Amino acid sequence: MSNNKKFVVEANFIEEACKLDLTLQEFLLLVYFENSDDLTFDLERICNKLKIDESTLLEAYNNLLTKGLITLSSEKNSTGKRIDKISLEGFYEKIKESKKKEMNKKLKDDIFSTFQNEFRRPLSSMEIEIIKAWLEKMYSEDLILEALKEAVYNGATNIRYIDTILYEWNRKGLKTKEDIDNYLKNRYESRKLEETSVFDYNWLEDYDK
(Lines give C-alpha, C1' and ligand atoms only; values in the text may rest on other atoms or scores of the structure.)
Protein backbone atom coordinates (compact mmCIF):
# COMPACT_ATOMS: atom_id res chain seq x y z
CA MET A 1 0.00 0.00 0.00
CA SER A 2 1.54 3.30 -1.04
CA ASN A 3 2.18 5.91 1.64
CA ASN A 4 -0.03 8.48 -0.04
CA LYS A 5 -3.06 6.22 -0.31
CA LYS A 6 -6.03 7.55 1.64
CA PHE A 7 -8.17 5.33 3.82
CA VAL A 8 -11.73 4.80 2.68
CA VAL A 9 -14.09 3.82 5.50
CA GLU A 10 -17.74 2.98 4.89
CA ALA A 11 -20.32 4.24 7.36
CA ASN A 12 -21.42 0.66 8.12
CA PHE A 13 -17.84 -0.29 9.01
CA ILE A 14 -17.56 2.62 11.44
CA GLU A 15 -20.98 1.92 12.95
CA GLU A 16 -20.21 -1.75 13.60
CA ALA A 17 -16.68 -1.05 14.86
CA CYS A 18 -18.06 1.47 17.38
CA LYS A 19 -20.29 -1.25 18.86
CA LEU A 20 -17.20 -3.32 19.73
CA ASP A 21 -15.76 -0.85 22.26
CA LEU A 22 -12.40 -0.57 20.47
CA THR A 23 -9.55 1.74 21.37
CA LEU A 24 -8.58 4.33 18.77
CA GLN A 25 -5.46 2.31 17.90
CA GLU A 26 -7.46 -0.91 17.46
CA PHE A 27 -9.93 0.90 15.23
CA LEU A 28 -7.17 2.45 13.11
CA LEU A 29 -5.49 -0.94 12.70
CA LEU A 30 -8.77 -2.49 11.56
CA VAL A 31 -9.24 0.34 9.07
CA TYR A 32 -5.68 -0.19 7.85
CA PHE A 33 -6.26 -3.90 7.18
CA GLU A 34 -9.62 -3.15 5.56
CA ASN A 35 -7.88 -0.85 3.08
CA SER A 36 -4.64 -2.76 2.62
CA ASP A 37 -3.77 -4.82 -0.46
CA ASP A 38 -0.98 -6.52 1.51
CA LEU A 39 -2.33 -8.31 4.57
CA THR A 40 1.03 -9.37 5.98
CA PHE A 41 1.88 -7.88 9.37
CA ASP A 42 4.79 -5.55 8.65
CA LEU A 43 5.27 -3.75 11.95
CA GLU A 44 7.56 -0.96 10.68
CA ARG A 45 5.44 -0.20 7.62
CA ILE A 46 2.18 -0.04 9.60
CA CYS A 47 3.74 2.15 12.31
CA ASN A 48 4.92 4.60 9.66
CA LYS A 49 1.53 4.64 7.98
CA LEU A 50 -0.56 5.06 11.14
CA LYS A 51 2.00 7.20 13.01
CA ILE A 52 1.80 4.89 16.02
CA ASP A 53 4.80 3.67 18.05
CA GLU A 54 5.66 -0.04 17.93
CA SER A 55 4.62 -0.97 21.50
CA THR A 56 1.21 0.70 21.14
CA LEU A 57 0.65 -0.93 17.76
CA LEU A 58 1.64 -4.38 19.04
CA GLU A 59 -0.77 -3.98 21.96
CA ALA A 60 -3.62 -3.06 19.58
CA TYR A 61 -2.68 -5.94 17.28
CA ASN A 62 -2.67 -8.50 20.12
CA ASN A 63 -5.98 -7.15 21.45
CA LEU A 64 -7.63 -7.62 18.05
CA LEU A 65 -6.30 -11.19 17.92
CA THR A 66 -7.54 -11.90 21.48
CA LYS A 67 -11.00 -10.50 20.66
CA GLY A 68 -11.16 -12.70 17.57
CA LEU A 69 -11.63 -9.72 15.27
CA ILE A 70 -8.59 -10.65 13.20
CA THR A 71 -6.98 -14.03 12.65
CA LEU A 72 -3.66 -15.23 11.28
CA SER A 73 -3.15 -17.83 8.62
CA SER A 74 0.19 -19.09 7.40
CA GLU A 75 0.86 -19.53 3.69
CA LYS A 76 3.76 -19.68 1.24
CA ASN A 77 4.65 -16.73 -0.96
CA SER A 78 5.98 -16.88 -4.52
CA THR A 79 9.49 -17.73 -3.28
CA GLY A 80 8.26 -20.57 -1.06
CA LYS A 81 8.75 -18.63 2.16
CA ARG A 82 6.05 -19.00 4.81
CA ILE A 83 4.33 -15.74 5.76
CA ASP A 84 1.48 -14.85 8.11
CA LYS A 85 -1.58 -13.28 6.51
CA ILE A 86 -4.17 -11.23 8.36
CA SER A 87 -7.87 -12.02 7.91
CA LEU A 88 -10.77 -9.82 9.05
CA GLU A 89 -13.21 -12.72 8.88
CA GLY A 90 -13.76 -12.55 12.65
CA PHE A 91 -14.76 -8.90 12.41
CA TYR A 92 -17.18 -9.62 9.56
CA GLU A 93 -18.68 -12.49 11.57
CA LYS A 94 -19.24 -10.08 14.46
CA ILE A 95 -21.07 -7.76 12.06
CA LYS A 96 -23.26 -10.65 10.85
CA GLU A 97 -24.11 -11.64 14.45
CA SER A 98 -24.93 -8.03 15.31
CA LYS A 99 -27.18 -7.63 12.25
CA LYS A 100 -28.92 -10.93 13.01
CA LYS A 101 -29.65 -9.87 16.60
CA GLU A 102 -30.99 -6.52 15.42
CA MET A 103 -33.19 -8.24 12.84
CA ASN A 104 -34.54 -10.73 15.41
CA LYS A 105 -35.33 -7.90 17.81
CA LYS A 106 -37.11 -5.98 15.04
CA LEU A 107 -39.13 -9.07 14.09
CA LYS A 108 -40.14 -9.63 17.71
CA ASP A 109 -41.14 -5.99 18.14
CA ASP A 110 -43.18 -6.17 14.91
CA ILE A 111 -44.95 -9.39 15.86
CA PHE A 112 -45.95 -8.03 19.28
CA SER A 113 -47.35 -4.91 17.61
CA THR A 114 -49.32 -7.06 15.16
CA PHE A 115 -50.86 -9.07 18.00
CA GLN A 116 -51.83 -5.92 19.88
CA ASN A 117 -53.41 -4.45 16.77
CA GLU A 118 -55.46 -7.60 16.15
CA PHE A 119 -56.42 -8.02 19.82
CA ARG A 120 -57.16 -4.27 19.99
CA ARG A 121 -55.54 -4.05 23.39
CA PRO A 122 -52.08 -4.22 24.99
CA LEU A 123 -50.66 -7.70 25.53
CA SER A 124 -50.35 -8.99 29.06
CA SER A 125 -46.93 -10.03 30.37
CA MET A 126 -48.03 -13.68 30.20
CA GLU A 127 -49.09 -13.31 26.56
CA ILE A 128 -45.75 -11.73 25.69
CA GLU A 129 -43.90 -14.62 27.34
CA ILE A 130 -45.98 -17.18 25.42
CA ILE A 131 -45.20 -15.47 22.10
CA LYS A 132 -41.51 -15.40 23.03
CA ALA A 133 -41.71 -19.12 23.80
CA TRP A 134 -43.23 -19.77 20.35
CA LEU A 135 -40.34 -17.95 18.70
CA GLU A 136 -37.81 -19.85 20.84
CA LYS A 137 -39.47 -23.15 19.85
CA MET A 138 -38.49 -22.21 16.29
CA TYR A 139 -42.02 -21.50 15.10
CA SER A 140 -41.43 -19.11 12.22
CA GLU A 141 -42.89 -15.62 12.41
CA ASP A 142 -44.94 -16.41 9.28
CA LEU A 143 -46.44 -19.48 10.94
CA ILE A 144 -47.36 -17.55 14.09
CA LEU A 145 -48.97 -14.77 12.09
CA GLU A 146 -50.93 -17.30 10.03
CA ALA A 147 -52.23 -18.84 13.26
CA LEU A 148 -53.19 -15.37 14.46
CA LYS A 149 -55.01 -14.73 11.18
CA GLU A 150 -56.89 -18.05 11.52
CA ALA A 151 -57.88 -17.20 15.10
CA VAL A 152 -59.13 -13.74 14.10
CA TYR A 153 -61.11 -15.29 11.23
CA ASN A 154 -62.80 -17.63 13.71
CA GLY A 155 -63.48 -14.79 16.15
CA ALA A 156 -61.19 -16.25 18.83
CA THR A 157 -58.59 -13.61 19.59
CA ASN A 158 -56.89 -15.26 22.53
CA ILE A 159 -53.44 -16.72 23.00
CA ARG A 160 -54.55 -20.19 24.11
CA TYR A 161 -56.60 -20.70 20.95
CA ILE A 162 -53.63 -19.69 18.82
CA ASP A 163 -51.38 -22.00 20.84
CA THR A 164 -53.74 -24.88 20.03
CA ILE A 165 -53.62 -24.00 16.32
CA LEU A 166 -49.81 -23.96 16.33
CA TYR A 167 -49.72 -27.27 18.20
CA GLU A 168 -52.05 -28.92 15.68
CA TRP A 169 -50.17 -27.52 12.69
CA ASN A 170 -46.89 -28.71 14.16
CA ARG A 171 -48.40 -32.16 14.79
CA LYS A 172 -49.46 -32.30 11.14
CA GLY A 173 -45.95 -31.33 10.01
CA LEU A 174 -46.95 -27.90 8.71
CA LYS A 175 -43.87 -25.70 8.90
CA THR A 176 -44.15 -22.95 6.29
CA LYS A 177 -46.72 -20.42 5.08
CA GLU A 178 -47.03 -22.46 1.88
CA ASP A 179 -47.84 -25.58 3.93
CA ILE A 180 -50.55 -23.67 5.76
CA ASP A 181 -52.00 -22.16 2.57
CA ASN A 182 -52.25 -25.62 0.97
CA TYR A 183 -53.71 -27.16 4.12
CA LEU A 184 -56.38 -24.47 4.52
CA LYS A 185 -57.20 -24.57 0.81
CA ASN A 186 -57.67 -28.34 0.89
CA ARG A 187 -59.78 -28.09 4.04
CA TYR A 188 -61.96 -25.40 2.45
CA GLU A 189 -62.44 -27.45 -0.73
CA SER A 190 -63.25 -30.55 1.32
CA ARG A 191 -65.92 -28.69 3.31
CA LYS A 192 -67.35 -27.19 0.13
CA LEU A 193 -67.59 -30.67 -1.41
CA GLU A 194 -69.42 -31.98 1.68
CA GLU A 195 -71.90 -29.09 1.54
CA THR A 196 -72.50 -29.69 -2.18
CA SER A 197 -73.12 -33.38 -1.53
CA VAL A 198 -75.75 -32.54 1.09
CA PHE A 199 -77.64 -30.15 -1.23
CA ASP A 200 -77.44 -32.52 -4.21
CA TYR A 201 -78.92 -35.45 -2.27
CA ASN A 202 -82.46 -36.43 -3.30
CA TRP A 203 -84.12 -36.41 0.11
CA LEU A 204 -87.64 -37.01 -1.35
CA GLU A 205 -86.54 -40.16 -3.10
CA ASP A 206 -85.02 -41.46 0.10
CA TYR A 207 -88.25 -40.60 1.97
CA ASP A 208 -90.39 -42.54 -0.61
CA LYS A 209 -88.39 -45.65 0.10
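Only a predicted model underlies this, so the values are computations on that prediction, with no experimental measurement involved.
Under a hydrophobic clustering in which Ile, Leu, Val, Met, Phe, Trp and Tyr are joined whenever their side-chain heavy atoms come within less than 4.5 Å, directly or via other members, Leu145 and Tyr153 fall into different clusters.
Counting heavy atoms from C-beta on, the side chains of Phe115 and Glu127 never come closer than 4.5 Å. Looking only at side-chain heavy atoms (C-beta outward), Ile130 and Ile162 stay at 4.5 Å or farther from each other. Taking 4.5 Å as the limit, every side-chain heavy atom of Tyr161 sits out of range of all side-chain heavy atoms of Glu150. Side-chain contact between Leu69 and Asn63 is absent, with no heavy atoms from C-beta onward closer than 4.5 Å. Between Leu64 and Phe91, every side-chain heavy-atom pair lies at or beyond the 4.5 Å cut-off.
Remark: side-chain polar atoms of Asp179 are paired, donor with acceptor, to backbone N or O of Thr176 under 3.5 angstrom.
The two atoms that bring Trp169 and Leu143 nearest to each other are CZ3-O, 3.7 Å, heavy atoms only. Here the closest heavy-atom approach between residue Leu148 and residue Phe119 is recorded as CD1-CE1, 3.8 Å. Scanning both residues, Arg45 and Thr40, for their nearest heavy atoms gives NH2-O, 3.3 Å. Residue Ser140 comes nearest to Lys175 through the heavy atom pair OG-O, 4.0 Å, listed as atom of the first residue, atom of the second, then distance. Smallest separation of non-hydrogen atoms from Gln116 and Leu123: OE1-N, 3.2 Å. The two atoms that bring Leu65 and Leu72 nearest to each other are CD2-CG, 4.3 Å, heavy atoms only.
Here CD1 of Ile144 is found 11.5 Å from CD of Glu146. Values are rounded to the nearest 0.5 Å. Here the straight-line distance linking atom CG of Leu50 with atom OG1 of Thr56 works out to 11.5 Å at 0.5 Å rounding. Atom OG1 of Thr23 is separated from atom CD of Glu59 by 7.5 Å, given to the nearest 0.5 angstrom. Atom CD1 of Ile159 sits about 4.0 Å away from atom CD1 of Ile131, to the nearest 0.5 Å. Here the CE atom belonging to Met126 is positioned 5.0 Å from the CZ atom belonging to Arg160, to the nearest 0.5 angstrom. Rounded to the nearest 0.5 angstrom, Leu88 CG and Lys94 NZ are separated by 13.5 Å.
Counted within 6.0 Å of OH on Tyr167, heavy atoms from surrounding residues, nucleotides or ligands total 12 or fewer; the atom is thus considered open. When the shell of 6.0 Å around CD of Glu44 is examined, it contains 12 or fewer heavy atoms from other residues, nucleotides or ligands. Around the NZ atom of Lys67, the shell of radius 6.0 Å holds more than 12 heavy atoms that belong to other residues, nucleotides or ligands. The environment of CG in Asn154 is crowded: more than 12 heavy-atom neighbours from other residues, nucleotides or ligands sit within 6.0 Å. The environment of CZ in Arg121 is crowded: more than 12 heavy-atom neighbours from other residues, nucleotides or ligands sit within 6.0 Å.
With respect to the salt-bridge test (charged N to carboxylate O, under 4.0 angstrom), the residues Lys177 and Asp181 qualify.
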Kindly indicate, with the supporting measurements, whether the criterion side-chain contact (heavy atoms from CB on, under 4.5 Å) is fulfilled by Ile128 and Lys132.
CA-CA 6 Å; Ile128 290 172; Lys132 285 181 180 177; 3.8 Å; yes

Between Trp134 and Asp163, does a side-chain contact (heavy atoms from CB on, under 4.5 Å) hold up when you go through it step by step?
CA-CA 8 Å; Trp134 291 339; Asp163 190 52; 2.8 Å; yes

Step by step, would you call Asn117 with Thr114 a side-chain hydrogen bond (donor to acceptor under 3.5 Å, both in side chains)?
CA-CA 5 Å; Asn117 289 337; Thr114 302; 5.5 Å; no

Taking it one step at a time, do Asn182 and Leu174 satisfy side-chain contact (heavy atoms from CB on, under 4.5 Å)?
CA-CA 10 Å; Asn182 290 333; Leu174 308 175; over 6 Å; no

Step-by-step side-chain contact (heavy atoms from CB on, under 4.5 Å) determination, Tyr139 to Asn170
CA-CA 9 Å; Tyr139 287 138; Asn170 186 62; 4.0 Å; yes

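The aromatic rings of Phe41 and Tyr61 lie parallel to each other, with less than 30° between the two planes, well short of the 60° mark.
Of the candidates Ile86, Ile46, Leu39, Ile46 is the only one forming a side-chain contact (heavy atoms from CB on, under 4.5 Å) with Tyr32.
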